[in-house]
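Shown next, in structure tokens, is the structure this report addresses.
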Amino acid sequence: MVQKETAPVRRGRPRSFEPDAALLKARDTFWRKGYAATSLDDLSAATGLNRPSLYGAFGDKRALYLAALQRNRQDMIVSLTNGLAATGSLRERLLFVFSRASELYRAGDEGQRGCFLIGTAVTESVADPAVRQVLASAFQEMDDCFAAAFAKARDELPAGADPAGLAKLATGLLHTMAVRARAGADEPTLRAIYEAGLTLICGPAAP
């Protein structure tokens with residue numbers, strides 16, 4: 001039987017305790033193991049905090065997971081907004097967003113991690129309304145980010161294209177890439193997906 005390593009018992013928070021850094025370490029643990037399989041000992045070892053300190057800083061395991069979800073949602077939307085607001089044509093900006101997502105989804109020390117929300121929250125959302133709300137909000141915000149960018153670049157879209165509809169397609173492409181990456185898809189496979197998506201959104205690339 002494989003025994004889990006546990007963090008040494010501490011009487012309180014270390015002097016160098018930084019809530020944000022601890023939250024990111026907890027998020028990475030949930031991301032790697034999944035919510036259900038992550039124990040308090042795992043979180044203690046990852047953050048360097050004993051159980052009383054974890055409870056004091058974040059609440060119980062569920063509260064810590066929800067905080068990690070919210071932090072990930074916020075970071076994701078900021079990154080997407082910045083990528084879509086960069087210079088260049090719409091196609092160039094989308095190419096940057098999708099290629100960067102491919103890189104992030106294929107990262108992971110023990111295997112390709114995919115997307116934190118897709119990889120963990122989709123399962124937990126079935127029985128947890130709070131998780132489901134975070135997930136739904138994240139999807140809506142992604143749709144809104146893409147829709148705003150498409151509306152501003154109508155002249156770069158096919159005639160008669162619906163920015164809102166294409167936004168959902170773009171969000172769906174990211175979801176598909178995340179799931180495929182979690183299953184081990186390599187960069188050429190993911191690139192084929194998002195390049196096909198770019199053709200649907202922007203039309204064929206100029207020769």
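Along the sequence shown, residues are numbered consecutively beginning with 1. Owing to the predicted nature of the structure, the values given are computational and were not obtained by experimental measurement.
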Same apolar cluster (I L V M F W Y, side chains within < 4.5 Å links), [X]/[Y]:
{"X": "I118", "Y": "I193", "answer": "yes"}
{"X": "L95", "Y": "M142", "answer": "yes"}
{"X": "F150", "Y": "L200", "answer": "yes"}
{"X": "L54", "Y": "L24", "answer": "no"}
{"X": "M177", "Y": "F139", "answer": "yes"}

Can you confirm whether [X] sits close enough to [Y] that some side-chain heavy atom of one is under 4.5 Å from a side-chain heavy atom of the other?
{"X": "T123", "Y": "Y35", "answer": "no"}
{"X": "L69", "Y": "F116", "answer": "yes"}
{"X": "L173", "Y": "I201", "answer": "yes"}
{"X": "C202", "Y": "E156", "answer": "no"}
{"X": "L90", "Y": "L157", "answer": "yes"}
{"X": "C145", "Y": "L84", "answer": "yes"}
{"X": "M76", "Y": "E141", "answer": "no"}
{"X": "N72", "Y": "D75", "answer": "no"}

Verify whether one side chain among S137 and Q133 offers a donor that lies under 3.5 Å from an acceptor in the other. yes
Do we see a donor-acceptor contact under 3.5 Å between the side chains of R73 and Q70? yes
Shortest non-hydrogen separation from [X] to [Y] and the atoms involved:
{"X": "A138", "Y": "I77", "answer": "O-CD1, 4.2 Å"}
{"X": "S99", "Y": "Y194", "answer": "CB-OH, 3.6 Å"}
{"X": "A147", "Y": "A164", "answer": "CB-CA, 4.3 Å"}
{"X": "T47", "Y": "A22", "answer": "CG2-O, 3.4 Å"}
{"X": "A68", "Y": "R27", "answer": "CB-CB, 3.9 Å"}
{"X": "T120", "Y": "G34", "answer": "CG2-CA, 4.4 Å"}

Do the side chain of [X] and the main chain of [Y] share a donor and acceptor less than 3.5 angstrom apart?
{"X": "D143", "Y": "Q140", "result": "no"}
{"X": "T176", "Y": "G172", "result": "yes"}
{"X": "N82", "Y": "V78", "result": "yes"}
{"X": "S125", "Y": "V122", "result": "yes"}
{"X": "K61", "Y": "T38", "result": "yes"}

Could you walk me through whether R180 and Y105 pass the side chain to side chain contact (heavy atoms under 4.5 Å, CB included) test, one step at a time? CA-CA 9 Å; R180 292 292 188 107; Y105 294 162; over 6 Å; no
D42 and S39: CA distance, side-chain angles, deciding distance, side-chain hydrogen bond (donor to acceptor under 3.5 Å, both in side chains) verdict: CA-CA 5 Å; D42 294 327; S39 68; 3.0 Å; yes
Distance in Å, [X] [atom1] paired with [Y] [atom2], rounded so as to fall on 0.5 Å steps:
{"X": "E110", "Y": "K33", "atom1": "CD", "atom2": "NZ", "result": "8.0 Å"}
{"X": "L43", "Y": "L40", "atom1": "CG", "atom2": "CG", "result": "6.0 Å"}
{"X": "S89", "Y": "L94", "atom1": "OG", "atom2": "CG", "result": "8.5 Å"}
{"X": "H175", "Y": "C115", "atom1": "NE2", "atom2": "SG", "result": "7.0 Å"}

Side chain to side chain contact (heavy atoms under 4.5 Å, CB included) assessment of D41 paired with R51: CA-CA 8 Å; D41 285 342; R51 290 192 183 195; 3.4 Å; yes
Give me the ring orientation class for F30 and Y65: parallel if the planes are under 30° apart, tilted from 30 to 60°, perpendicular past 60°. perpendicular
In plain terms, say whether E187 and R106 are close enough for a salt bridge, that is, a side-chain N and a carboxylate O under 4.0 Å apart. yes
Electrostatic pair R32-D28, nearest N-O below 4.0 angstrom: no
Begin with the C-alpha distance, continue with both residues' side-chain angles, and end with the deciding distance and a verdict on side chain to side chain contact (heavy atoms under 4.5 Å, CB included) for T29 and K25. CA-CA 6 Å; T29 304; K25 290 177 181 177; 5.6 Å; no
Derivation of the salt bridge (charged side-chain N to carboxylate O under 4.0 Å, His left out) call for D128 and R132: CA-CA 6 Å; D128 193 322; R132 186 162 60 249; over 6 Å; no
Verify side chain to side chain contact (heavy atoms under 4.5 Å, CB included) between L80 and F146, making sure each step is shown before the conclusion. CA-CA 9 Å; L80 178 58; F146 281 119; 3.7 Å; yes
